[in-house]
Amino acid sequence: MNPSKNAAVRVRFAPSPTGFLHIGGVRTALFNYLYAKKMGGKFLLRIEDTDVERSEARFTTDILTSLSWLGIEHEEEILYQSKRLDLYQKMANDLIAQGLAYRCYCTETEVEASREQMIKEGKKPMYGRTCRERKDVPPGNPSHAIRAKFPLSGITGFTDMIRGEITFPNEDLDDFVMIRSNGVPTYNFVVVADDIEMKISHVIRGDDHINNTPKQIFLYDALKATKPLFAHLPMILGADKKKLSKRNGETSTNAYRAEGYLPEALLNFLVRLGWSHGDQELFTREEMVELFNLEHVQVSGAVFNTEKLIWIAGEHLKKADPKRLFDIIKTDFATAFPGESFAALQTPAVTKTALELIPHVQLKVKLVKELAHQLYPLLETSVMPVDASGLKWNKDETQKTKIKAAVQELMNTWTSLIASRAATTLGECGMDHARVDAELRAVSEKCGVKLGDLTQPMRLFVTGQATSAIGLFDLLPILPWKTIQARLTACLQS
RNA sequence: GUCCCCAUCGUCUAGAGGCCUAGGACACUGCCUUUUCAAGGCAGUAACCAGAGUUCGAAUCUCUGUGGGGACGCCA
C-alpha cells in the first residue's frame, strides 16, 4: 500500500451560516479538500447552525454556491447541526450521569460578575465554578445550562501535525458550557459530537481554534471516542497584520467572483498563503492535489496580498479556454455590455468574433471583468464615440491630411478586397497580423507619414478607446469589415 | 491581565548545522522591445528581531528578552 494514501482519511469543512463565505474559510476548506484528495480520503461538509439568532438560510445557500463555484466539492450528505439537537441533549445528560458534566443554574449576570472579579485578581477570566459541586436543585427547577466538569489539575495536550506538541495546564481551562439554558448546544460540544459521528480522522482548521482543542480533547475522552489528528493552519492576515476581517480587507468570496477572478486563480493564491512547494508559484488544480502536503504548511500568519493575487489571476487568465471565458462573461459580466450589445452577443456571428478576440485580449488583462470591458467596444457594431483631442495630428494640419489620405487608401484597397471575396472580415481574405503590418508600412511610406502617426488615429477609432488590450494588427483581420469601415469613415470625417 | 501560538527582503516564501557573501515570486526602480498598452525581455534595490549558549561551524538547535498575533462568551 502506498503510504501516502490512506482511504480512512475523512476531513470536513464546518462553516457556520452567519455570514457570506469568508476567504479565510475558503482557505481552510481548500486545505482540507486537498488533503483528502491527496490521501484518497473524503472531504465532507457540515453546517454549524446552532446559533439560531445569527444563522440564516441565505448564508447557507451562499456558502454552497461559492464552494461549488470554486470547485470544492464535498462527498456524502451535508450534516446540519440544527437537525440533531435531541441527540446532543442526550449525550450531555449521559455525561452528567457519569460525573463528567453538571447543571449550572447561574444567570448570565452572575457569570459575568465572577469573570470580572477574576480579571481584577489578574487571573484568566473564567466561570467561578459555583455550581460544580452543587447537589440540590434550586426551587422550581429553573432552566439551566450544562457545563463540562473539566479537571482542576494536570495537563491536557496534543501533537499538532503542523506545530508539534502543544500543552495546557488544566487549571487555566474553563468549565465551558456544553448546552445553553435554552437547550441548544454550543460549538465546542457539537464539534466533537459530530466529528465523532462523521468519523473525522483529521481536524484541519485555523489556529484560532488551538485554544479550543483541549476542551474538545476532554470531550473525546469523556465520550470514550478516538481522537482525530489535529492540524492548525496559520491565520490569514490583513495589511495591518491582524486577522483578516471586513475591517482590513475584502473577505467575501462573492466579491472576488464579481471582480472577475477565476476560481482556480483564487485557489492558487490561497494555497500559497501558508503552503509552499519549493519555488513554484503557479499551480493548476491537478498540481495542487498532487503536490499538497501538511509538512510544508507554514506556522506563522500570512498577509493577504492583493497585488500578488492579481498577478496570479492574470497568469491563469492567459491559460484559460476562450470559450469558457466567454461563458463566464455571459453569466457574470453581462452588465459590462450596456445597451443592445449583450443581446447581440448571443448571435453566432458575434460569438465567432468574440472567440477570435479573446485569445488576444486574455493575454493582456488580469481579470474576466477587464476582459468583458475590453470586449464591449469591440463587439459593439456601431461607431463608438471617441475623444480625438489627444491625437498628434491635431498639431499639424498637413500631417492630418496625409494621414487621412493613407487611411482612405487602405479603405479603398480593403473594400475591394472584401467585395472580390464576398467576405465579411479581412481575416477571411487571408489577412493576418504580418500582412496587415506589411500593408500599413507600405502605405505609410507611400503617403509620407510615420507608421506610428498612422496607427494612432486608426487604433483610436477602430477600438473606440484610448488604450486597448489588443493590437491594431491583430484586430483588423477579426472585426467585421462593416464595423471597421464605419469607424474609419468616422475617422476620416473627424 | 492570563493562557496559547509565532518571528528570513515591504509582502508571499525557499531554507531540516556546512551547498547561504541567504534563493524564487509579487510589488518597486531602471533599461530594452514595440503600432498602443494594462503585455513581453533584461537588470537592480531589499531580509535571517536581539542577546547569550551548544558546535570546528547556526538563518537552521537551546534558553532569555523583545516584538507581533490569537484565545479567554449560554459566538462559531
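Please read these numbers as outputs of a predicted model, since none were measured by experiment.
Residue A:V365 is out of contact with every strand shown, counting any heavy-atom pair closer than 4.0 Å. Across all strands, A:T50 comes closer than 4.0 Å only to sugar-phosphate atoms, never to a base (heavy-atom distances). The residue A:T167 sits close only to the backbone: its heavy atoms come under 4.0 Å of sugar-phosphate atoms, none of a base. Residue contacts shown for A:R54 include a base, since a base heavy atom lies under 4.0 Å away. Looking at heavy-atom distances under 4.0 Å, A:K318 makes contact with sugar-phosphate atoms alone, never a base. Among the heavy atoms of the strands lying under 4.0 Å from A:L363 are primed sugar atoms or P, OP1, OP2 only; no base atom is included. Looking at heavy-atom distances under 4.0 Å, A:G471 makes contact with a base. If you check every strand for non-hydrogen atoms under 4.0 Å, A:S181 touches a base. Heavy atoms of A:K120 sit nowhere under 4.0 angstrom from any nucleic acid atom.
Using a cutoff of 4.0 Å between basic side-chain nitrogens and carboxylate oxygens, A:R58 and A:D62 are not scored as salt-bridged. For the pair A:E315 and A:K318, the salt-bridge criterion is met [side-chain N within less than 4.0 Å of a carboxylate O].
Nucleotides B:G41 and B:C5 place their P atoms 45 Å apart, quoted to the nearest Å. Spacing of C1' atoms, B:C72 relative to B:A16, comes out at 35 Å, to the nearest Å. Atom C1' of B:C49 sits at a distance of 15 Å from the matching atom of B:G69, rounded to the whole Å. Atom P of B:G57 sits at a distance of 26 Å from the matching atom of B:G65, rounded to the whole Å. A distance of about 9 Å separates the P atoms of B:C48 and B:G10, rounded to the whole Å. Spacing of P atoms, B:A22 relative to B:A27, comes out at 24 Å, to the nearest Å. B:A46 and B:C12 are spaced 15 Å apart, taking the C1' atom of each and rounding to whole Å. Going from the P atom of B:G17 to that of B:G1 covers 38 Å, rounded to whole Å.
Within residues 435-455 of chain A, the residues approaching RNA chain B are A:R441, A:L451, A:T455, by heavy-atom distance under 4.0 Å.
Proximity of A:K243 to the phosphate of B:G69: no side-chain N or O atom is located under 4.0 Å from OP1 or OP2.
Within the 4.5 Å cutoff, the side chain of A:L262 has heavy atoms near those of the A:L325 side chain.
Proximity of a side-chain donor or acceptor of A:D160 to a complementary backbone N or O of A:H232 within less than 3.5 Å is detected. The main-chain N or O of A:M126 is never found under 3.5 Å from a side-chain atom of A:D174 such that the two would form a donor-acceptor pair.
Pair assignment for B:A22: none, as no Watson-Crick or G-U wobble contacts are both less than 3.5 Å. Partner assigned to B:U34 is none, using Watson-Crick or G-U wobble distances below 3.5 angstrom. Across all strands shown, B:A39 forms no Watson-Crick or G-U wobble pair with both distances under 3.5 Å. Base pairing analysis places B:C28 opposite B:G44; the two distances defining the Watson-Crick or G-U wobble pair are each below 3.5 Å. B:C72 and B:G1 make up a base pair, with Watson-Crick or G-U wobble contacts both under 3.5 Å. Nucleotide B:C63 forms a pair with B:G51, judged by Watson-Crick or G-U wobble geometry with both contacts under 3.5 Å. The base-pairing partner of B:A16, taking Watson-Crick or G-U wobble contacts with both distances under 3.5 Å, does not exist among the strands shown.
The distance between atom CD of A:Q216 and atom P of B:A71, rounded to the nearest whole Å, is 15 Å. When the C1' atom of B:A76 is taken as reference, atom CG of A:D208 falls 9 Å away, rounded to whole Å. Atom NE2 in A:H232 sits roughly 13 Å away from atom P in B:A71 (whole-Å rounding). Separating the CD atom of A:E56 from the P atom of B:A76 is a distance of 15 Å, rounded to the nearest angstrom. If you measure from atom CD of A:Q81 to atom P of B:A76, you get 9 Å, rounded to the nearest angstrom. Across the protein-nucleic acid pair, A:F461 atom CZ and B:U36 atom C1' stand 15 Å apart, rounded to whole Å. The interatomic distance linking A:N212 (CG) with B:C5 (P) rounds to 15 Å, in whole Å. In this entry the distance linking CZ of A:F168 with P of B:C72 reads 12 Å, nearest Å.
Side-chain rings of A:F292 and A:F31 approach one another, their centers coming within less than 6.0 Å.
For B:C74, the base has no donor-acceptor partner in the side chain of A:T186 [N/O atoms by modelled type, under 3.5 angstrom].
Taking the side chain of A:I166 as heavy atoms from C-beta on, and the options B:A76, B:C75, B:C4, the nearest nucleotide is B:C4. Considering only the side chain of A:P169, B:C4 comes nearest among B:C4, B:C74, B:A39. The side chain of A:I210 sits closest to B:C4 out of B:C6, B:C4, B:A76. In the set B:A39, B:G1, B:U36, the nucleotide with an atom closest to the side chain of A:T467 is B:U36. Of the candidates B:G40, B:A76, B:A71, the closest approach to any side-chain atom of A:N211 belongs to B:A71.
Applying side chain to side chain contact (heavy atoms under 4.5 Å, CB included) to A:W481 and the options A:I484, A:L479, A:T483 leaves one that passes, A:I484.
Take the nearest nucleotide of RNA chain B for A:E121 and for A:V184: the residue whose nucleotide is more 5' is A:E121. Of the two residues contacting RNA chain B, namely A:V177 and A:R163, the nearest-nucleotide position lying further toward the 5' end is that of A:R163.
Sorted by first and then second residue, the salt bridge (charged side-chain N to carboxylate O under 4.0 Å, His left out) pairs involving residues 440-453 of chain A (not counting sequence neighbours) are A:K392-A:D453, A:E409-A:K446, A:D437-A:R441.
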Enumerate, atom names and distances included, each donor-acceptor pair closer than 3.5 Å involving a side-chain atom of residues 141-151 of chain A, sequence neighbours excluded.
residue	atom	partner	partner atom	Å
A:H144	ND1	A:P142	O	3.4
A:H144	NE2	A:R103	NE	3.3
A:R147	NH1	A:D175	O	2.7

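Scanning for ring-ring contact (aromatic ring centres under 6.0 Å, His included) contacts around A:H373 gives an empty result, with sequence neighbours left out. With sequence neighbours left out, A:W414 forms a side-chain hydrogen bond (donor to acceptor under 3.5 Å, both in side chains) with A:E439.
Ring planes of A:F20 and A:F59: perpendicular class, angle over 60° (limits at 30 and 60°).
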> What one-letter contact string describes nucleotides 8-26 of chain B from 5' to 3', where B marks a base within less than 4.0 Å of any protein heavy atom, S marks contact via sugar-phosphate atoms alone, and - marks no contact?
Replying inline: ---BBSSS-------BBBS
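Around atom CD of A:E53, no more than 12 heavy atoms belonging to other residues, nucleotides or ligands sit under 6.0 Å away.
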> Does the side chain to side chain donor-acceptor pair (under 3.5 Å) test come out yes or no for A:D194 and A:Y88, once each step is laid out?
Replying inline: CA-CA 9 Å; A:D194 289 338; A:Y88 305 125; 2.6 Å; yes
